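All of these numbers come straight from a predicted model, not from anything done at the bench.
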Amino acid sequence: MLRQQDVGHRIVVRRIVGIREGRPLFSDALGELVELSETHLTLATAQGQLRVPVTQVHRAKRVPPTRRPTAAAVVALERAADEAWPAPTRGRLGDWLLRSAEGWTGRANSALPIGDPDRPLAAAVDAVERWYAELGQPALINTPLPLAAPVGAELDARGWTTRPPTLVQTAPLTLLASTPPGEWDSPTVELATAPNDEWLAVAAGRKGGLPDAARHVLTTVDQVRFAHVYADTTLVAIGRGTVTGQGRWLGLSLIEVLPAARRQGLARRVIHELANWGAARGATHAFLQVEQRNEAAVTLYQRLGLVTHHTYLTRVAPH
């Protein structure tokens, strides 16, 4: 059977899905193990997240990875993502990053445990807990998988909980910036070096407010553009693009279309224009982060050619 050390690795599970004529019926599932508890295991599969009760598991084992990125590639992308979403309050534990932004978004308020924390693992987690306690915030740690699986095992032993998995997805910019089929009618996408008040209002509605630290996260990047799409005089779609990671990565974030304007291709149009902007500045690849449970967004990105590079789990310290 599986152990906590298998979290973050590719596994195959044979599960019992029914009984016919007194015999069990089996179904196999292949994917990345993102959570293992006494009662359930959760896989990230090509079809989405699958939660399997342990009582239904007939057999489960780890299998070799397929085209998994190297540890160095995961570290480089995580560093580029951190540059693209810069928390105003920061600290370090060796190579580990500590980040705080008045509680605005998990990414900007979590430790990133990649590299050497310059102390034993247990002592490093203790230090993370102290750092956030001094700020009066709950301690969060983002664990890229399988790179940070040992950190995850330590957090499991301490009773830290797990938020839903987040997919880090990538695509070559030539794919996203290519001319789409057919001609696009108006409205057009306007790219600006700063967000206007309407843009910020849409972002605040999606992210649950916009403290001063949020403006730092959004605007304090050397190369950044904010996409605005208007229908007549109404802002109907937004997006944000950054170029980081020594100029290689276009980071896409806050791709948002107002409900009344959805299913018109506006999200695709925003991504297309930001991809062209990033390519003009020398970026070669794009990345974005999306919760795996956001099926509509995952489906859209899949159609555009984005694929999952790796996943991460946001871990939350017990109260």
Side-chain angles (χ1 to χ4, degrees), residues 8 32 34-35 42 44 46 48-49 68-69 73-87 97 99-101 103-114 140-148 152 162-173 175-176 202-203 206-208 213-214 217-218 220-221 223-227 238-245 248-257 267-268 270-271 274-275 278 283 285-316:
E32 184 177 290
V34 297
E35 185 179 11
T42 304
Q49 184 171 315
R68 186 183 296 280
V74 173
V75 169
L77 181 48
E78 286 290 333
R79 297 287 190 202
D82 175 68
E83 293 173 33
W85 203 255
L97 301 179
R99 307 172 293 189
S100 174
W104 192 74
T105 75
R107 275 181 282 170
N109 291 274
S110 57
L112 182 60
I114 54 177
L140 305 179
I141 297 180
N142 276 4
T143 55
L145 300 174
L147 185 66
T162 305
R163 290 181 179 174
T166 296
L167 308 179
V168 181
Q169 299 198 309
T170 63
L173 269 193
L175 185 63
L176 299 182
V202 173
R206 175 172 174 177
K207 294 295 187 180
V217 171
L218 292 171
T220 312
V221 180
Q223 297 196 72
V224 61
R225 288 295 184 273
F226 297 87
I238 66 169
R240 175 178 176 270
T242 56
V243 174
T244 60
R248 179 188 181 193
W249 289 102
L250 169 73
L252 297 168
S253 59
L254 285 166
I255 309 298
E256 180 75 7
V257 179
R268 182 182 180 187
V270 165
I271 291 171
L274 288 171
H285 290 74
F287 77 89
L288 55 80
Q289 298 171 333
V290 58
E291 283 195 4
Q292 188 178 48
R293 63 182 177 180
N294 187 347
E295 295 182 1
V298 171
T299 299
L300 168 65
Y301 300 146
Q302 185 178 43
R303 289 174 179 168
L304 293 178
L306 286 133
V307 297
T308 299
H309 185 271
H310 64 278
T311 63
Y312 72 76
L313 299 176
T314 299
R315 307 298 304 271
V316 183

Arg79 side chain near Leu97 side chain, heavy-atom distance below 4.5 Å:
yes
Is it true that a side-chain atom of Asn109 and a backbone atom of Thr105 form a donor plus acceptor pair closer than 3.5 Å?
yes
Which residues pass the salt bridge (charged side-chain N to carboxylate O under 4.0 Å, His left out) test with Arg206, not counting sequence neighbours?
Glu256
Going through the checks in order, is the side-chain contact (heavy atoms from CB on, under 4.5 Å) test met by Leu77 and His310?
CA-CA 10 Å; Leu77 181 48; His310 64 278; 4.0 Å; yes
Does a side-chain heavy-atom distance below 4.5 Å link Leu112 with Pro144?
yes
Looking at every heavy atom in both Val257 and Ala267, which two are closest together, and how far apart are they?
CG2-N, 3.8 Å
Using side-chain heavy atoms (C-beta onward) and a distance below 4.5 Å, is Leu175 in contact with Leu304?
no
Please check if the side chain of Arg99 supplies one atom and the backbone of Ser110 the other of a donor-acceptor pair under 3.5 Å.
yes
Measuring from atom CZ of Arg268 to atom CD1 of Ile255, what distance do you get when rounded to the nearest 0.5 angstrom?
14.0 Å
How far apart are the closest heavy atoms of Gly239 and Val270, and which atoms are they?
CA-CG1, 3.9 Å
Rounded to the nearest 0.5 Å, what separates atom CG in Leu306 from atom CG in Leu300?
8.5 Å
Flag, side chain of Thr311 to backbone of Leu145, donor-acceptor distance under 3.5 Å:
no
Any donor and acceptor pair, going by atom type alone, linking the side chain of Arg240 with main-chain N or O of Leu218 inside 3.5 Å?
yes
To the closest 0.5 Å, what do you measure between CD (Glu291) and CZ (Arg163)?
9.0 Å
The salt bridge (charged side-chain N to carboxylate O under 4.0 Å, His left out) partners of Arg315 (sequence neighbours excluded) come to Asp156
Of the non-hydrogen atoms in Gly278 and Val243, which two are nearest, and what is the gap between them?
CA-CG2, 4.2 Å
Taking all heavy atoms of Lys207 and all of Leu254, pick out the closest pair and write down the distance.
CE-CD2, 3.8 Å
Once rounded to the nearest 0.5 Å, what's the spacing between atom CG of Asn142 and atom OG1 of Thr166?
7.5 Å
Return the minimal non-hydrogen interatomic distance between Ala283 and Leu250, and the atom names on each side.
CB-N, 4.1 Å
In terms of ring plane angle, is the pair Trp249 and Phe287 parallel, tilted or perpendicular, where the classes change at 30° and 60°?
perpendicular
Main-chain N/O of Gly245 paired to Glu83 side chain as donor or acceptor, under 3.5 Å:
yes
Least distance between heavy atoms, Ala87 atom then Ser100 atom
CB-O, 3.6 Å
In this structure, CG of Leu288 is separated from NE2 of His309 (nearest 0.5 Å) by 12.5 Å
How about Gln289 and Trp85: do any of their side-chain heavy atoms sit closer than 4.5 Å?
no
Spatial distance of atom OG1 (Thr42) from atom CG (Leu313) [nearest 0.5 Å]:
9.5 Å
Heavy atoms, side chains only, cut-off 4.5 Å: are Arg225 and Leu274 in contact?
yes
